[in-house]
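Reminder, nothing fancy here: chain letters follow the sequence lines and each chain counts from 1.
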Amino acid sequence: MDSTEDTLNNPAVRAYLHRLVGDEGLNLLERFPEGGEFSDEELAAKTGINLNSVRHTLYTLYERRLAEYHRIKNNETGWLTYLWQLRNDHIYDALREDMETVLDKLSRREKYEEENDFYICKDCHVIFTFPIAMNSDFKCPECDQPLGHFDNEMLLKSLKQRIESIRNSLGHA
Amino acid sequence: MLDPIEDGLKLIQSRPEGVLQSELWKELGVDSRKCSRIVKKLEEGGLIDRIEFKKDGIKTYLLKARQMPVNPGDLLAGDELIPCIGCELECIVEECHPLMDWMYQLAIVGNTND
């Protein structure tokens, strides 16, 4: 299993996890004790991170199978304790799942960029499709300045390249 | 058909449930001996798994593409992570401003790298 340090050393993986769990979550990942299983309260005590943040991070990671727990019951009190461990070995599966969604969104955006002609207000920096620009006599609906043609060629080119790269990475023919 | 090995791989990759070798050669439009050579190359390259399979009592193989690890760098434009990850906004991908900003970043980085 990859260590958390290895996982977090990849800038893209780090940015991905940061988006999911935020500053405090990343802090927990960095300080998560090596090996073994820990309750949320133990983790809060060992890392000095607020218990609510610890719980929130663990549940968020659990949703993507990046953390798992097992439950033990205290026979005397009947209380349940959840013991958590990280599953860094699932990171590429989680990324794959999210990248499938990203691919779908980018492909939809690509189609939109391909099928439309765009106009821009150079003052407001708002972009309009041809039908909307035509309806307002090629003037900005906000400031009434004339709209100019917006060339999306560079945007579309780099978008297509990235889509191709993701498709290859996901093994889509 | 320029590269039958690549075509074979693409066909196998397009079927997550796998393809029977006894059907692959028909779909590729090659004879079964040539198909065996293609499959051997793909298997040796670690690109597919070949699993024994019986169809109507006849032994053949189920061919499945191996999953390669994804490249997480594809989620970045420069050091900007694509906004779709963990996004809780209603998704209107055509009008998404955070996505537009990311696409600008992607075009700028792409131009710098070209």
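Applying the 6.0 Å contact sphere to CD of Glu23(B) captures more than 12 heavy atoms from other residues, nucleotides or ligands. Within a 6.0 Å sphere centred on CD of Glu17(B), heavy atoms belonging to other residues, nucleotides or ligands number more than 12. Dense packing is recorded around NE2 of His18(A), with more than 12 heavy atoms of other residues, nucleotides or ligands lying under 6.0 Å away. Atom NE2 of His70(A) sits in a crowded spot, with more than 12 heavy atoms from other residues, nucleotides or ligands closer than 6.0 Å. By the neighbour-count criterion of 12 heavy atoms within 6.0 Å, atom CG of Asn135(A) is densely surrounded, having more than that number from other residues, nucleotides or ligands. More than 12 heavy atoms of other residues, nucleotides or ligands sit less than 6.0 Å from atom CZ of Phe150(A). Counting heavy-atom neighbours within 6.0 Å of Lys26(B) NZ, excluding the residue itself, gives a total above 12.
Counting only heavy atoms from C-beta outward, the side chains of Tyr112(A) and Val93(B) never approach each other to under 4.5 Å. Using a 4.5 Å heavy-atom cutoff, the side chains of Met100(B) and Arg109(A) are in contact. The shortest distance between side-chain heavy atoms of Arg108(A) and Cys91(B) falls below 4.5 Å.
Qualifying side-chain contact (heavy atoms from CB on, under 4.5 Å) partners for Ser107(A), counting only residues two or more places apart in sequence or in other chains: Leu103(A), Ile163(A).
Of all heavy-atom pairs between Arg162(A) and Leu106(B), the closest is NH2-CD1, 3.3 Å. For the residue pair Tyr104(B) and Ile127(A), the shortest heavy atom distance occurs at OH-CD1, 4.0 Å. For Ser158(A) against Ala107(B), the heavy-atom pair with the smallest separation is OG-CA, 3.4 Å.
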Stepwise side-chain contact (heavy atoms from CB on, under 4.5 Å) check, Leu99(B) with Leu106(A): CA-CA 9 Å; Leu99(B) 184 61; Leu106(A) 291 184; 4.0 Å; yes
Check against side-chain contact (heavy atoms from CB on, under 4.5 Å), Asp98(A) and Leu75(B): CA-CA 10 Å; Asp98(A) 273 313; Leu75(B) 297 173; 5.7 Å; no
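Options Ala77(B), Pro83(B), Ala65(B) differ in how many heavy-atom pairs under 4.5 Å they form with chain A, and the most are formed by Pro83(B). Residue with the most contacts toward chain B among Val102(A), Thr60(A), Asn10(A): Val102(A) (heavy-atom pairs, distance under 4.5 Å).
Follow the hydrophobic side-chain contacts under 4.5 Å out from Ile5(B) and you reach Leu63(B) in the same cluster. Leu29(A) and Tyr59(A) fall within the same hydrophobic cluster, where Ile, Leu, Val, Met, Phe, Trp and Tyr residues are linked whenever their side-chain heavy atoms come under 4.5 Å apart, directly or through other members. Each of Leu62(B) and Leu28(B) belongs to its own hydrophobic cluster when Ile, Leu, Val, Met, Phe, Trp and Tyr are linked at side-chain heavy-atom distances under 4.5 angstrom. Two different hydrophobic clusters hold Tyr61(B) and Leu20(B) under the rule that ILVMFWY side chains link at heavy-atom gaps under 4.5 Å. The same ILVMFWY cluster, assembled from side-chain heavy atoms under 4.5 Å apart, contains both Leu11(B) and Leu9(B).
Annotation: the span from Leu17(A) atom CG to Leu81(B) atom CG amounts to 10.0 Å, rounded to 0.5 Å. In this structure, CG in Leu76(B) is found 13.0 Å from CZ in Arg14(A), a value given to the nearest 0.5 Å.
Within residues 50-58 of chain B, no residue has any heavy atom under 4.5 Å from a heavy atom of chain A.
Residue Glu95(B) touches chain A through its backbone alone, counting heavy-atom pairs closer than 4.5 Å. For Leu20(A), the part sitting under 4.5 Å from any heavy atom of chain B is the side chain, from C-beta outward, and nothing else.
The backbone N or O of Gly86(B) lies less than 3.5 Å from no partner atom in the side chain of Arg19(A), so there is not a single donor-acceptor pair.
In the model, Ser165(A) has a side-chain atom that pairs as donor or acceptor with a side-chain atom of Asp74(B) under 3.5 Å.
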